[in-house]
Asker: 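One structure coming up, written as structure tokens, with questions to follow.
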Protein chains: 4
Amino acid sequence: RSNEGCRDATESWKPEPTMNTTNTTRHAVLIAALAALTLGAAPLAAQAQALVVNQAITEAEVLSAQKAWCQALVDISTTHVRDGQPAAKALAEKVIDAAYGYQMGAVLFKPTLTVNPQTFRTTRAGALAYFVGGDTAFPKDTGFALKGWTRCEPVNAAVFIAGDSATTMGKVHITGKDGKVTTVDKTWKFVKDDAGRLRIVVHHSSLEYVAAN
Amino acid sequence: RSNEGCRDATESWKPEPTMNTTNTTRHAVLIAALAALTLGAAPLAAQAQALVVNQAITEAEVLSAQKAWCQALVDISTTHVRDGQPAAKALAEKVIDAAYGYQMGAVLFKPTLTVNPQTFRTTRAGALAYFVGGDTAFPKDTGFALKGWTRCEPVNAAVFIAGDSATTMGKVHITGKDGKVTTVDKTWKFVKDDAGRLRIVVHHSSLEYVAAN
Amino acid sequence: RSNEGCRDATESWKPEPTMNTTNTTRHAVLIAALAALTLGAAPLAAQAQALVVNQAITEAEVLSAQKAWCQALVDISTTHVRDGQPAAKALAEKVIDAAYGYQMGAVLFKPTLTVNPQTFRTTRAGALAYFVGGDTAFPKDTGFALKGWTRCEPVNAAVFIAGDSATTMGKVHITGKDGKVTTVDKTWKFVKDDAGRLRIVVHHSSLEYVAAN
Amino acid sequence: RSNEGCRDATESWKPEPTMNTTNTTRHAVLIAALAALTLGAAPLAAQAQALVVNQAITEAEVLSAQKAWCQALVDISTTHVRDGQPAAKALAEKVIDAAYGYQMGAVLFKPTLTVNPQTFRTTRAGALAYFVGGDTAFPKDTGFALKGWTRCEPVNAAVFIAGDSATTMGKVHITGKDGKVTTVDKTWKFVKDDAGRLRIVVHHSSLEYVAAN
């Protein structure tokens, strides 16, 4: 087991593309082109460069955040296999702190496999327990992210960008170590934090409905 | 069968309390109290009445919109039993047009019982077919709202008001004609339209997860 | 005087480019490209087309709305010269109804030349009186838009797009019939209504400060 | 001169009431009341406590932030008289960092007395120079907050709360050391940052228009 590989796995969940994209639109963008030259006799001043700050969420940022979530799931599974549950838990904490909005008050999180009376995980502790288990306060959690996932692919049915938030709904296909694919119906709502990073503030995941025969 | 009873059922889904509350906050509210008396020697003008317009969504509006959705479900079922599918369909159309945001471009709607390849109902036609069936374009839909529901109760786990939108997550308990209760996990996102009415723009509903034994 | 020219002037204030742009982003945009083909052994379904609705305000929409405001000012002046105050007033009413958000409850409007105790024009009547005069309820208004303006050019210092709203701040240069240019410092906040049209909800205009010597 | 008095002045600008109010609505509020008792035969679970997070800006928060801005102006003036320009500058930096949104990319700030070509102060440095002078990059700034202000009172014409932002427009009366009152027309737009604190992101201030005789 190489340390280098370990670092790769530990860091790979970071949604770097999102951050880069975000910085581009969030921070001041100097529009280089001089605007419409003033024509005619009126003694108008030439238009200077206008400062443009754009906090609107883009589709590219949304897709990047989804991809980062999927990669994080696989990375936690990979870390678990290689380094054990404590390492997976440490990584899951980083992922939750970077990708969810628990510091904003609460996240409306309905994970795929939770049951009563702990169906909803509005706290960071509840999310962490769901992903990596090992918390006696959530005795039925066995660690969804520890199940040996090797691949995760979001397929959106719809992306609705309201400007300062964006919601997606669609399928997410998750491949297990045996190659079997589990598909869930998933809704995510993202908002942009003050640093320009997308954060999940709503997450509803459910197994596909199967009609009884 | 009395016309009066029919009208009652036809109209009862209207979220009147929401509209009233909305009007109060949406339209200009004249603050009657004269503000801080000017003290001291400075010749300041007495503060006039400030116009206050408040579009923020309140918790009361959210709860009222949820209650209206539940009442509409029962009303459609009641109308179906008494007046048949066409009457139920006509009511469902009114409900969808009044309570959802399809006119805003799309609704991210994952109903409880839909299956591939028509799991998601981003169009008005797809929502209507789910609720009352009878649309050959959605052949597996038998009409969820026609199943004889007699009661519907939302129980929120969390309400997150972002200011210009509000999202709820929780259980909804629906009682059938035989008294059996079906419970779903449900996420709703509401926004306020230009007229001050809450509209559902995201709706993810799923049966509770049951662990295999 | 030709009717055709009259119609041109009457209609030219309409912010058509804004509407076109808005429709493009507001209404459902079907993304034609099939997304990432699934490779490898996993039996994942090919990704279908995702529906994308994007309500975020774009810089192009903002610039178009500013240009439309300027054109409307010149058009009202032109109409006044050619057809008189009633025609100018009729046009001003159309402009206000199309470009401002008075129907949303109020507009925070501080026109350039108003004085106490009617500095702020939070109602449609107050805005109309400012632009075309002739309202005994606003006795000091002589009609700012009737002053024979021949040209109007916004020069933004900054554009801040918050996603679901956008605010601009900068100079607006207005040329009178004698060729003299008046420059004002102007702040506009725009929001998108349910039909996808930008509307002015905040408008603060002031003459440039001139230091006493 | 007592250190205690100095500390009072240094700290008094802090918008504590805003923070307290903010925490109440921002952070999770546990609704203690058990909701609707379940009636009838249906075996519904008693409704648990719903978590409510409310980020909507309240009128009280807006008024508190305005009051804090006014108090800060007087405090900087007081500090300048007692402790000199460097102390006033240090306080002004704290005020700007706490009450404005420069860290969000830019603030659309048109101060009352700025002139071309530096009318607009979209950067922190430009705001600081306006308030306390002493910056060779802004040679015409003499320090607006150093003018010996003894009192500052906002009188709103209108408050428009859009949910996740709030804009005010009205008069602000500022009393100088000689008792003379200067009145400005002022527009402020506030947003709530991730910590729940209101920040000024738009600020347009202008002297009242005086009609030529």
Asker: Heavy-atom pairs under 4.5 Å with chain D are the metric here; pick the option from C:Val107, C:Val115, C:Leu113, C:Leu207 that has the most.
Answerer: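 Looking at each option in turn, the highest pair count goes to C:Leu113.
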Asker: How are the rings of C:His204 and D:His204 set to each other: parallel, tilted or perpendicular (split at 30° and 60°)?
Answerer: parallel
Asker: What part of D:Lys171 gets within 4.5 angstrom of chain C, counting heavy atoms only: side chain, backbone, both, or neither?
Answerer: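 Interface part for D:Lys171: both.
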Asker: Got more than 12 heavy atoms from elsewhere within 6.0 Å of NZ, C:Lys147?
Answerer: yes
Asker: Tell me, for D:Thr167 versus chain C, whether the close heavy atoms (under 4.5 Å) come from the side chain, the backbone, both or neither.
Answerer: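 Both backbone and side chain of D:Thr167 come within 4.5 Å of chain C.
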Asker: I'd like to know if the side chain of C:Thr119 pairs up with that of C:Asn116 as donor and acceptor (distance under 3.5 Å, no hydrogens or angles considered).
Answerer: yes
Asker: Answer with side chain, backbone, both or neither: which region of D:Thr168 has an atom nearer than 4.5 Å to a non-hydrogen atom of chain C?
Answerer: backbone
Asker: Quick one: which of C:Ala157, C:Gly170, C:Ser205, C:Ala158 has the most heavy-atom pairs under 4.5 Å with chain D, could you say?
Answerer: C:Gly170
Asker: May I ask you to decide if the ring planes of D:His203 and D:Trp69 are parallel, tilted or perpendicular, using 30° and 60° as cut-offs?
Answerer: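 D:His203 and D:Trp69: perpendicular rings.
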Asker: Examine whether an atom of C:Ser165 lies under 4.5 Å from a heavy atom of chain D, and if so say whether it belongs to the side chain, the backbone or both; otherwise answer neither.
Answerer: side chain
Asker: Side chain, backbone, both or neither: which part of C:Thr187 has an atom under 4.5 Å from a heavy atom of chain D?
Answerer: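 Both backbone and side chain of C:Thr187 come within 4.5 Å of chain D.
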Asker: Could you tell me whether the side chains of D:Thr150 and D:Lys177 share a donor-acceptor contact shorter than 3.5 Å?
Answerer: no
Asker: Check whether the ring centres of C:Tyr130 and C:Phe144 lie less than 6.0 Å apart, and answer yes or no.
Answerer: yes
Asker: For C:Thr122, is it the side chain, the backbone, both or neither that has a heavy atom under 4.5 Å from a heavy atom of chain D?
Answerer: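 Contact with chain D is through the side chain of C:Thr122 alone.
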